[in-house]
Amino acid sequence: MAKIGKIIKVSGPLVVAENMSGSRMFDIVYVSDMRLMGEIIEFRGDKASIQVYEETSGIGVGEPVYPAGRPLNVELGPGIIESIYDGIQRPLDDIYNSSGNYISRGVTADPLDRSKKWEFKPLVKKGDSAAEGDYLGYVQETPLIKHYIMVPPGVKGKVKDIGEGLLAIEDTVAVLSGGEGDVDINMIQRWPVRRPRPYKNKKMPDIPLFTGQRVIDMFFPLAKGGTACVPGPFGSGKTVIQHQLAKWVDAEVIVYIGCGERGNEMTDVLMEFPGLVDPKSGEPLMKRTILIANTSNMPVAAREASVYTGITIAEYFRDMGYSVALMADSTSRWAEAMREISGRLEEMPGEEGYPAYLGARLASFYERAGMVECLGSADGRTGALSVIGAVSPPGGDLSDPVVQATLRVVKVFWSLEANLAYRRHFPAISWLNSYSLYNDSIKENVKKEVAEDYFDLQSDAMSMLEEESELEEIVRLVGLEALSGPDRIILLVSRMIREDFLHQNAFHDIDTYSSIEKQYRMIDVILYFYRQASDSLRMGAEIADVESMKVRDRIARMKYIPKEEIDRIDKIKNDIKAEFTELVEKPHLEE
Amino acid sequence: MLKEYKSIVNVSGPLMLVEGVEGVKYEELVEIRLEVGSVRSGRVLEVEGDQALVQVFEGTSGIDPRNTRVRFLGRGARMYLSEDILGKVFTGLGRPMTENDRIIAEKSLDINGSPINPFARDYPDEFIQTGISSIDGLNTLVRGQKLPIFSGSGLPHNKMAAQIARQSTVLGKKEEFAVVFVAIGITFEESQYFINDLRATGAINRSVIILNLADDPAIERIATPRVGLTCAEYLAFEKDMHVLVILTDMTNYCEALKEVSAARKEIPGRRGYPGYLYTDLATIYERAGRIKNKKGSITQIPILTMPEDDKTHPIPDLTGYITEGQIILSRSLHKKKLSPPVDVLPSLSRLKDKGIGEGKTREDHADTFNQLYASYARGKEVQELAVILGEAALTEMDKVYFKFAEEFENRYISQGEYENRTIEETLDLGWELLSVFPRGELKRIRDEYLDKYLEKYMEKEEGQK
Ligand SMILES: Nc1ncnc2c1ncn2[C@@H]1O[C@H](COP(=O)(O)OP(=O)(O)OP(=O)(O)O)[C@@H](O)[C@H]1O
Ligand SMILES: [Mg+2]
């Protein structure tokens, strides 16, 4: 039994207590008789340094520290979807109901509702053998999510008893008898957040994860089980992108972590999501979403915990075989929390005062993403966990240690640029500096699912934009008139790509989401225009006439075509053809 | 009886270390009695063993370690409140400025407040008409938002803040804003300018004034915004008022924080500011907003001067990372005598999207501001190009953009300090300026609005010709 410790120092979120032998690293403790939750992060002799997840004002030397004798856990089970938790999985809605508008200290509440009864449907019968990860049954948690009750990791045996019908999460749903006697299994799993949940093996992410955002899907695509980061200065659109992904990404479960950011942004999600419908199922988006909110004014240590709490919940759904997407906004705030605690521990600072282990922590976090073969005796259950982290570098400077450490591990980089944001070109993702390393691994599947020439269009469009940036340099030096006709066509079409394709308004009811079919057709039309324009020049058309064609207006408005009518996009090609024919014939008539 | 200690072992900068203490708590309020009889106050920054590290708000000069007595008051710093705070003036620590400013308190609140549960928040979406086009039209303010003004020394941020305080209304509602004006290390003249303006409009009777002026103790500034926000929370969430809080100048606040951090020999973050500056500022700026089932609201307009006009300096940078947008003032527009000199391209209101549109401002608002932004940005580029190549090198269309950008600055951004434009006037002005473009250039605007609004202006133009 661990002993009760005694506080010898209080410095902000860090408390040092003596007489702590018997506790272990990363064990949870309760500080003072207010029972503020904390976690042991360092031992020196019998002195433990504790990061406290709640405000420490009013705490003094000599007060007690009670060991909990366990690490920081999350509770996993039905009732978790649609929840909003703080960094240590306290349900903020219950806390609101019990203690009002402000978060008071020392409050506790169960993460999952104990009293609610769920209709449990068994998937095994008496006498079956079941091993870790196997489905025992499921409850239909929301119209979108079948919540599978799995044999917890490390447990196996013969099904001695299996429940059915209305059950609460603490009721036994199955009894397994194995080598070590009978094990009662209920619908709650507890898992220490700092330990990745196990799986059978990892696979290469080769399935695209479409997001409905054109610059992402067409230029810098994600893969299921992949990792991405969005760095950018304040106001460049990181949060809007994360919200857009949470809304429209083609995943089955969403975990959204607001880590050290604004309270109103969480409120925004809470108010907006129930009213938005999933384009596939027509159900409210909230029915697949879990929120973790540790806002900037909440205690800093819990910020550090929030990303682990979130990713453990995400892994749990991955283990059921779902495709899960996790957004963390912003990982910089997590890194800063690490820095603050490290400074108070008087550790040797690394770059910009961040601890030397910053890179290792970030890497092991992103490493929890992946496409995996799940535990379970049945073959071939695949789950995916994709992780998208926002990074907020000081002054938008990409040499920031958090950006650099992140870029070393993630495979997709969406670089947000202040200049684009100032021009209200959104999403302000730079088409020149961003990249996706999944283009190769997803190639076959994309060609099958979308179109054979998808990557040709991608590379044509991207190289055109590169050429544009070179041409712009020239224009800046000598003026537009100095450019040849074909160069001016490149400028014209590049502008179309930027303004009529890449630009996407998150707040426009139709433009907010583009199906991949629609995206493909849009870029196809623009490149068709390019080919026609180049041909027409060769056949004697005037560049000025091409620049003032009527059909350009129709191209500009493609993005507002609703998804039921996307065939209209292809028809624009006919108009392009017709107008060019007219143009080319015009000079002949004059002859 | 509270125990009194005479065991100060170390005094350095704004800090002192007291030894042999018992039962002292983190963040506890401290009373310090100097030999000469004067009393100062402080708070506990750290306790370790029998030692307490105390930050002295009034500074430590004149403290004689041997003859100074220290008492720990067993509680944090508090503000004493009742509705009578309206019309009164308080010091940067929340004490009545004069005899006349004394009130009979109904309650007291910890000046640090508590974090609002995000679940308890209500999303701010009620349009505030400030009468300033560059705000209403392009960077719309809503009730419950925190929208700072990033300024530079010598720029007219005070005039602008006063104009906002004077003109702000919520359409269709009669409620007037209560104003909490918090002066943090600014000069007497600057503060007087504001107070006189409140007097002239009669708003003074629904204002609370918290003053820490340039010659007041610097460390006190750490408490000053918190005192003001405690008043605001009380008025908004206990007395159902809509409160506008003006905090000026937050740069002085950050300097005080830096001073304490340096005295503690903490590892400095960027440019010498403490690594926890973000978190610390968040505990101030996040004290804005609306709460479900509460009638009142807190709208915050913090003002800060950017050192060397540099937006990437940690103070504006971290502020921008917390607040819901920013209004940036431009020295070059100010030199051109534009008033207010709002640099609209890098300015932003993040909460505008849900505060505008049909039923709030007008259906065409979102499309037109997107268009105005895009066109103005292009116009500025063309202007730059013209500087290099000369105007003659511009295409016909470039010339239109060039002209547009000029007109936009002179007529849309610039308006008098006392000109109060309705939102319709602002939106109509936008259309009038956009009507110089051929329809095909206005890609950000939906056809139906072009049909409805643009034609109107084209016709008007025609009629004039
Ligand atoms: N796709 C988009 N469509 C329309 N507007 C957008 C889009 N992306 C961003 N914006 C605009 O930019 C503003 C700032 O975006 P956002 O809040 O996402 O920035 P951020 O990078 O998260 O900033 P911070 O680091 O301060 O949190 C939004 O409020 C919105 O007005
Ligand atoms: Mg953000």
Side-chain angles (χ1 to χ4, degrees), chain A residues 8-11 56-62 84 92-93 95-96 100-104 234-235 258 260 262-264 266-268 270-271 293 295-298 300 333 336 339-340 343 349 352-353 392 394-397 418 422-424 476 478-481 499-500 505 507 552-553 556-557 560, chain B residues 23-28 46-50 76 112 114-124 237 266-270 275-276 278-279 282-283 286-287 289 291 294 312 314 317 320-322 324-326 345-346 348 350-351 353 366 370 373-374 377 385 388-389 393 395 440 443 446-447:
Chain A
I8 55 171
K9 176 177 175 176
V10 184
S11 169
T56 52
S57 62
I59 303 291
V61 166
I84 173 165
L92 288 169
D93 45 353
I95 290 183
Y96 169 73
N101 298 325
Y102 298 96
I103 298 180
S104 40
F234 66 80
R262 301 171 185 83
N264 276 332
M266 300 314 291
T267 314
D268 191 15
L270 277 173
M271 313 248 273
T295 54
S296 57
N297 55 342
M298 282 156 79
V300 60
R333 308 301 165 219
E336 285 162 9
R339 174 170 71 183
E340 178 163 355
E352 295 281 342
S392 317
D397 178 358
Y422 295 165
R423 277 155 48 192
R424 298 320 190 247
R476 229 165 279 145
V478 292
L480 186 67
E481 300 302 328
E499 294 182 359
D500 306 336
N505 185 350
F507 303 101
R552 284 179 53 203
D553 196 44
R557 290 176 196 283
Y560 306 123
Chain B
V24 171
K25 312 291 188 196
Y26 174 61
E27 284 278 357
E28 193 172 342
E46 188 173 305
V47 289
E48 177 163 17
D50 70 345
N112 288 320
S114 301
I116 299 176
N117 183 335
F119 190 80
R121 284 186 187 264
D122 205 355
Y123 199 76
F237 303 132
E266 290 170 337
I267 303 159
R270 264 175 86 228
Y276 47 79
Y278 174 85
T279 302
T283 61
E286 277 289 310
R287 291 171 78 175
I291 289 182
K294 293 271 180 191
T312 67
D317 189 47
Y321 269 126
I322 303 163
E324 286 143 350
Q326 67 279 340
L345 295 182
L348 168 72
R350 296 162 196 255
L351 301 187
D353 302 293
N370 278 323
Y373 258 112
L385 203 65
I388 307 170
L389 299 169
T395 65
K443 291 185 190 174
R446 263 164 263 218
D447 275 331

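Below, chains carry the letters A, B, ... as their sequence lines are ordered, and counting in each starts from 1.
The contact between A/R339 and chain B is made entirely by side chain atoms (from C-beta outward), counting heavy-atom distances below 4.5 Å. In this structure, the portion of B/Y278 lying under 4.5 Å from any heavy atom of chain A is its side chain and not its backbone. Heavy-atom distances place both the backbone and the side chain of A/L92 under 4.5 Å from chain B. For a residue to count as touching a neighbouring chain, one of its non-hydrogen atoms must lie under 4.5 Å from one of that chain's; by this rule B/I116 touches chain A with backbone and side chain alike. If you measure heavy-atom distances from A/D500 to chain B, the contacts under 4.5 Å come from the side chain alone. Contacts of B/V47 with chain A are made by both backbone and side-chain atoms, with heavy-atom separations under 4.5 Å. Within the 4.5 angstrom heavy-atom criterion, only side-chain atoms of A/D553, from C-beta onward, approach chain B.
Chain A forms the most heavy-atom pairs under 4.5 Å with one residue out of B/E28, B/R121, B/E27, and that residue is B/R121. Considering only heavy-atom pairs separated by less than 4.5 Å from chain B, the leading option among A/G343, A/G258, A/G479, A/G235 is A/G235. Per-residue counts of heavy-atom pairs under 4.5 Å with chain A were compared for B/L348, B/D353, B/I267; the largest is that of B/D353. Of the listed residues B/G23, B/P314, B/G275, B/G440, the one with more heavy-atom pairs under 4.5 angstrom with chain A than any other is B/G275. Counting heavy-atom pairs under 4.5 Å between each of B/I388, B/N370, B/I322, B/V24 and chain A puts B/I322 at the top. In terms of heavy-atom pairs under 4.5 angstrom with chain A, the leader among B/G49, B/A377, B/A393 is B/G49. The choice from B/A366, B/A374, B/G76, B/P346 that makes the most heavy-atom pairs within less than 4.5 Å of chain A is B/P346.
Side-chain atoms of B/Y276 never come within 3.5 Å of backbone atoms of A/V300 as a donor-acceptor pair (strictly under, hydrogens ignored). Between the side chain of B/D317 and the backbone N or O of A/G395, at least one donor-acceptor pair lies under 3.5 Å. The closest donor-acceptor contact from the side chain of B/E286 to the backbone of A/G263 lies under 3.5 Å.
The side-chain heavy atoms of A/N264 and B/R350, taken from C-beta on, include no pair separated by under 4.5 Å. A/T267 is not listed as a side-chain neighbour of B/P124, based on a closest heavy-atom distance of 4.5 Å or more. Counting heavy atoms from C-beta on, the side chains of B/E48 and A/V61 never come closer than 4.5 Å.
We find the CZ-CG distance between A/R476 and B/L385 to be 8.0 Å, quoted to the nearest 0.5 Å. Atom CG of B/D447 and atom CZ of A/R557 lie 4.0 Å apart (nearest 0.5 Å). Atoms CG and OG1, on A/L480 and B/T395 in that order, are 6.5 Å from each other to the nearest 0.5 Å. Separation of atoms OH (B/Y26) and OG1 (A/T56) is listed at 5.0 Å; rounding is to 0.5 Å. With values rounded to the nearest 0.5 angstrom, A/Y96 atom OH is found 8.5 Å from B/I291 atom CD1. Taking CG of A/L270 as the start and CG of B/D122 as the end, the distance is 11.0 Å to the nearest 0.5 Å.
Because its NZ or CZ atom is both nearer than 6.0 Å to the ring centre of B/Y321 and within 45° of the ring axis, A/R333 counts as a cation-pi partner of that residue.
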### Task
Mind running side-chain contact (heavy atoms from CB on, under 4.5 Å) on B/N117 and A/I95 for me, showing each step along the way?
CA-CA 8 Å; B/N117 183 335; A/I95 290 183; 4.1 Å; yes

### Query
Checking side-chain contact (heavy atoms from CB on, under 4.5 Å) for the pair B/L345/A/R423: CA distance, chi angles, key distance, verdict?
CA-CA 7 Å; B/L345 295 182; A/R423 277 155 48 192; 5.8 Å; no

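A salt bridge links A/K9 with B/E46: the closest approach of a Lys/Arg side-chain nitrogen to an acidic carboxylate oxygen falls below 4.0 angstrom.
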